[in-house]
Undergrad: 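Below: one structure in structure tokens.
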2 protein chains.
Amino acid sequence: MTDISRSGCPINLSLEVLGDKWSLLIIRDMMFGNRRHFRELLTKSEEGISSNILADRLKTLLDEGIITREDDPTHKQKGIYSLTEQGIELLPVLAQMASWGYKYLPISEELGIRAQLLSEGGPKLWADFMDELRETHLGTKRRKRTGPSVGERLQAAYESIVKRK
Amino acid sequence: MTDISRSGCPINLSLEVLGDKWSLLIIRDMMFGNRRHFRELLTKSEEGISSNILADRLKTLLDEGIITREDDPTHKQKGIYSLTEQGIELLPVLAQMASWGYKYLPISEELGIRAQLLSEGGPKLWADFMDELRETHLGTKRRKRTGPSVGERLQAAYESIVKRK
DNA sequence: TCAAACTGCTTGCGATTTGCAACTGGTTGT
DNA sequence: ACAACCAGTTGCAAATCGCAAGCAGTTTGA
């Protein structure tokens with residue numbers, strides 16, 4: 001990858017890491033689709049990333065400290081990818097991007113419902129979801145639960161539309 | 001550009017428009033640096049975009065309805081680029097990206113101060129700044145002013161650090 | 001008045017990146 | 001034993017990127 005940076009501007013530096021067509025989609029799938037294995041990320045995403053690109057992006061996300069990788073104890077060949085705190089804190093970026101796309105681009109109904117909930121929920125909902133991600137990705141102790149989790153609500157909303165069709 | 005989209009996901013569609021290393025930097029310069037002419041965008045940015053790439057990106061941003069272009073009445077050859085409402089509403093995306101970069105990447109002090117103010121100011125400050133952008137880019141009527149504008153405050157903070165050095 | 005500088009781009013071309021397809025070496029389930 | 005599955009790797013063609021130079025028209029300054 002590129003070692004030399006074009007400027008010290010935070011937006012530029014962020015773009016040097018995330019400014020391509022795939023990196024944020026991989027993070028999206030890890031966050032919202034709970035995809036943690038290479039194969040899951042490869043085949044269960046809408047857009048169809050190719051394996052060499054996926055391998056390359058996972059490597060740079062590892063290098064940047066946005067994700068980690070560890071061996072799956074139940075399967076010698078599987079690796080489990082997890083978001084770091086740094087990766088989890090990309091949620092607001094994704095949420096704003098989703099809101100903007102939801103408002104201005106020709107999104108499909110079933111894939112837009114998550115954006116709508118995320119947008120309407122605002123920072124409070126994001127914070128709840130980030131706490132849930134810390135539980136599943138960082139192994140943070142589970143807090144008291146009141147009702148369904150944000151992740152479950154996002155998933156339920158998605159399925160309610162898919163089934164209706 | 002690519003006409004066929006990979007999926008109807010709002011994050012994916014946003015990335016198909018903005019997911020490269022330059023588009024958001026151009027918008028950043030229009031927003032925070034008030035660069036409105038081709039040459040300004042070409043030469044007065046930190047990162048040094050090349051002219052063919054700039055021309056190409058401006059064209060797609062025009063096609064996407066994120067910016068507009070009109071002739072400069074004071075100079076027959078100059079064009080003036082402006083942000084549309086759709087473009088102005090990318091501010092939260094940039095702000096979140098700047099906050100994340102500010103927190104996790106090795107930014108330079110003078111370029112980080114804007115990110116810090118933007119991050120600390122939160123959605124309230126963003127809304128004020130977006131109103132100012134509507135004034136300068138959309139010609140919206142100027143509202144009552146109480147103290148310096150957000151744009152002026154961002155600029156003053158930047159210069160206070162540059163001069164100190 | 002006339003040359004120099006500046007305007008928004010465009011063109012040519014080599015270097016890099018992308019993306020498809022096939023393949024590898026190993027593991028797991030039946 | 002054998003098929004299916006695992007995380008990637010490799011080869012190669014096509015697309016994109018980015019530097020440098022060029023262009024036609026406009027404005028500026030002596």
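Note that the coordinates shown come from a computational prediction; the quantities given were computed from them, not determined experimentally. In what follows, chains carry the letters A, B, and so on, assigned in the order in which the sequence lines appear, proteins first and then strands, with residues in each chain numbered from 1.
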Undergrad: Using atom CD1 of Ile53(B) as one end and atom P of dA20(D) as the other, report the distance to the nearest whole Å.
TA: 14 Å
Undergrad: Can you confirm if the NZ or CZ of Arg6(B) lies within 45° of the ring axis of Trp22(A) and under 6.0 Å from the centre of its six-membered ring?
TA: yes
Undergrad: Taking only the side-chain nitrogens and oxygens of Arg6(B), find out if one of them lies under 4.0 Å from OP1 or OP2 of dT18(C).
TA: no
Undergrad: Roughly how many Å is it from CZ in Arg36(A) to P in dA7(D), rounded to a whole number?
TA: 13 Å
Undergrad: Of the candidate nucleotides dC9(C), dG18(D), dT7(C), which contains the atom at the shortest distance from the side chain of Trp22(B)?
TA: dG18(D)
Undergrad: Taking 4.0 angstrom as the limit, do Asp20(A) and Arg57(A) come out as a salt bridge?
TA: yes
Undergrad: If you take atom types as modelled and just measure distance, does the side chain of Ser50(A) reach the base of dT18(C) with a donor-acceptor pair under 3.5 Å?
TA: no
Undergrad: Please check if Phe129(A) and Leu125(A) belong to a single hydrophobic cluster, counting links between Ile, Leu, Val, Met, Phe, Trp and Tyr side chain heavy atoms closer than 4.5 Å.
TA: yes
Undergrad: Take atom NE2 of His37(B) and atom P of dC9(C), then tell me their distance rounded to the nearest Å.
TA: 12 Å
Undergrad: Within this structure, what is the NZ-to-C1' distance between Lys78(A) and dA4(D), rounded to whole angstrom?
TA: 13 Å
Undergrad: Can you see if the side chain of Arg39(B) gets near the phosphate of dT26(D) - specifically, an N or O under 4.0 Å from OP1 or OP2?
TA: no
Undergrad: Which sits closer to the 5' end of DNA chain D, Gly79(A) or Asn52(A), going by the nucleotide each is nearest to?
TA: Gly79(A)
Undergrad: Output yes when Lys103(A) and Glu85(B) qualify as a salt bridge under the 4.0 Å nitrogen-oxygen rule, no when they do not.
TA: no
Undergrad: Would you say a side-chain N or O of Arg69(B) is under 4.0 Å from OP1 or OP2 of dC9(C)?
TA: yes
Undergrad: Expressed as a whole number of angstroms, how long is the span from Phe38(B):CZ to dC23(D):P?
TA: 17 Å
Undergrad: Can Asp72(A) and Arg36(A) be counted as an ion pair, charged N to O under 4.0 angstrom?
TA: no
Undergrad: So which one's nearest nucleotide on DNA chain C is more toward 5', Ser51(A) or Leu42(B)?
TA: Leu42(B)
Undergrad: Please state how far atom CD in Gln77(B) lies from atom P in dC23(D), giving the value in whole angstrom units.
TA: 16 Å
Undergrad: Could you check how far NZ of Lys76(A) sits from P of dG8(D), rounded to whole Å?
TA: 17 Å
Undergrad: Could you check how far CG of Leu54(A) sits from P of dC20(C), rounded to whole Å?
TA: 13 Å
Undergrad: When you match Lys59(A) and His75(A) each to their closest nucleotide on DNA chain D, which lands nearer the 5' end?
TA: His75(A)
